[in-house]
2 protein chains.
Amino acid sequence: MNSTIQLFKALSEEVRLRIIGLLAGGELCVCDLMAVLDLPQSTISRHLSYLRNAGWLAGERRGVWMYYRLAEDDNPLRAELLPVLQKQLATLAECTRDRTRLAEYTQTKQEAACG
Amino acid sequence: MNSTIQLFKALSEEVRLRIIGLLAGGELCVCDLMAVLDLPQSTISRHLSYLRNAGWLAGERRGVWMYYRLAEDDNPLRAELLPVLQKQLATLAECTRDRTRLAEYTQTKQEAACG
DNA sequence: TGCCTATATCCGCATATGCGGATATAAGAT
DNA sequence: ATCTTATATCCGCATATGCGGATATAGGCA
């Protein structure tokens, strides 16, 4: 019961939904998320930690850079929720805006950033 | 965005999940829920109110009795979430126990109660 | 109208959760 | 070892959320 609650609780917050919406397009680095979401590093990290602990994300360190992606389908509930969720997020204005910003950011990304 | 959050937030609590699990089997009265869940009336009513406001339930008064059922499929996200949710709730021990209790309660229901 | 029953809502309390700046930790270079 | 950069975690604060008893509201009957 509790893991079910945690899965839904993770989805009960705007920043976390926007993070999932962005990662639905593929793996990203914390610095990417910071730039696109325009939020402080600590806020981003807190939410990433929450999503990872709830089972939604997997993280991987490459040097000083930390990448996150949607977790593998090892949880039946999450596997079924994800397509439903992605479909919904695709309709939300905030997520649409985020994707546009990500595309722009990727084009103009500074040499100093990851990648 | 906010209605999406509210839909998920409604599912982020045990009593509310258990209520949905019970109502998945068909309409019930508040007194039924009180008996099966073994919780005070105010607790039940609070959660029913929350679920109704989030769009999950519809209520109907018949005399002094208040019946609740799962809301009609007028929300695309909820319509897609519901089968996923029901499938998951069917696997949870707490919900299985609730259904057994409901069956027993229905058999032994007092004349004084609704119905 | 008064009384009774069912139930929604209020209220005080305790705990949970979100924020962001500060700091700890990890990685890499010199 | 020291310094720099990236990021996880801590911490104090403000707000949200859950609890259940008390009370307000709704419905029915005499």
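Letters A, B, ... mirror the listed sequences (proteins, then strands); counts begin at 1. Just the heavy atoms: all of them, side chains too, but no hydrogens, waters or symmetry mates, feed the values below.
- Closest to the side chain of B:Ser42, from the set C:dT9, C:dA6, C:dA27, is C:dT9.
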**Item:** B:Arg62/B:Glu60 under salt bridge (Lys or Arg N to Asp or Glu O under 4.0 Å): CA gap, chis, key distance, verdict
**Value:** CA-CA 7 Å; B:Arg62 293 183 204 140; B:Glu60 180 183 337; 3.3 Å; yes
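- Nucleotide C:dA8 holds its P atom 15 Å from the CG atom of B:Leu39, rounded to whole Å.
- Listed pair B:Ser45 / C:dA8 meets the phosphate criterion, a side-chain N or O lying under 4.0 Å from OP1 or OP2.
- Neither side chain, B:Glu104 nor B:Thr100, offers a donor N or O lying under 3.5 Å from an acceptor on the other.
- Between the CG atom of A:Leu51 and the C1' atom of D:dT9 there is a distance of 16 Å, rounded to whole Å.
- Rounded to a whole Å, the CE atom of B:Met34 is 8 Å from the P atom of C:dA6.
- Heavy-atom nearest nucleotides on DNA chain D were determined for B:His47 and for A:Val30, and the one closer to the 5' end corresponds to A:Val30.
- In this structure, B:Tyr50 does not reach the D:dC19 phosphate: none of its side-chain N or O atoms is under 4.0 Å from OP1 or OP2.
- Note: CD (A:Glu13) to P (C:dG20) measures 10 Å, nearest angstrom.
- Both A:Val64 and A:Ser12 lie close to DNA chain C; mapped to their nearest nucleotides by heavy-atom distance, the more 5′-ward contact belongs to A:Ser12.
- Residue contacts shown for A:Arg46 include a base, since a base heavy atom lies under 4.0 Å away.
- In the hydrophobic cluster analysis, where Ile, Leu, Val, Met, Phe, Trp and Tyr join through side-chain heavy atoms closer than 4.5 angstrom, A:Leu70 is grouped together with A:Phe8.
- Between C:dG18 and A:Arg16, a contact under 4.0 Å exists linking OP1 or OP2 to a side-chain N or O.
- If you check distances only, the side chain of A:Gln41 does reach the base of D:dA8 with a donor-acceptor pair under 3.5 Å.
- Between the side chain of B:Glu13 and the backbone N or O of B:Val15 there is at least one donor-acceptor pair closer than 3.5 Å.
- The closest donor-acceptor contact from the side chain of B:Arg16 to the backbone of B:Leu11 lies at 3.5 Å or more, if one exists at all.
- With the nearest nucleotide of DNA chain C identified for both B:Cys31 and A:Lys9, B:Cys31 has the one nearer the 5' end.
- Nucleotide D:dT17 holds its P atom 11 Å from the CD1 atom of B:Ile5, rounded to whole Å.
- No engagement by A:Arg62 is indicated, since no non-hydrogen atom pair under 4.0 Å with the nucleic acid exists.
- Minimum atom distance to the side chain of B:Ser49 is reached by C:dT9, of the listed C:dG18, C:dT9, D:dA26.
- Atom CE in B:Met66 sits roughly 9 Å away from atom C1' in C:dT7 (whole-Å rounding).
- Rounded to whole Å, atom P of C:dT7 lies 13 Å from atom CD1 of B:Ile19.
- Across all strands shown, B:Thr43 has heavy atoms under 4.0 Å from base atoms, whether or not it also approaches the sugar-phosphate.
- Note: CG (A:Leu48) to C1' (C:dG18) measures 15 Å, nearest angstrom.
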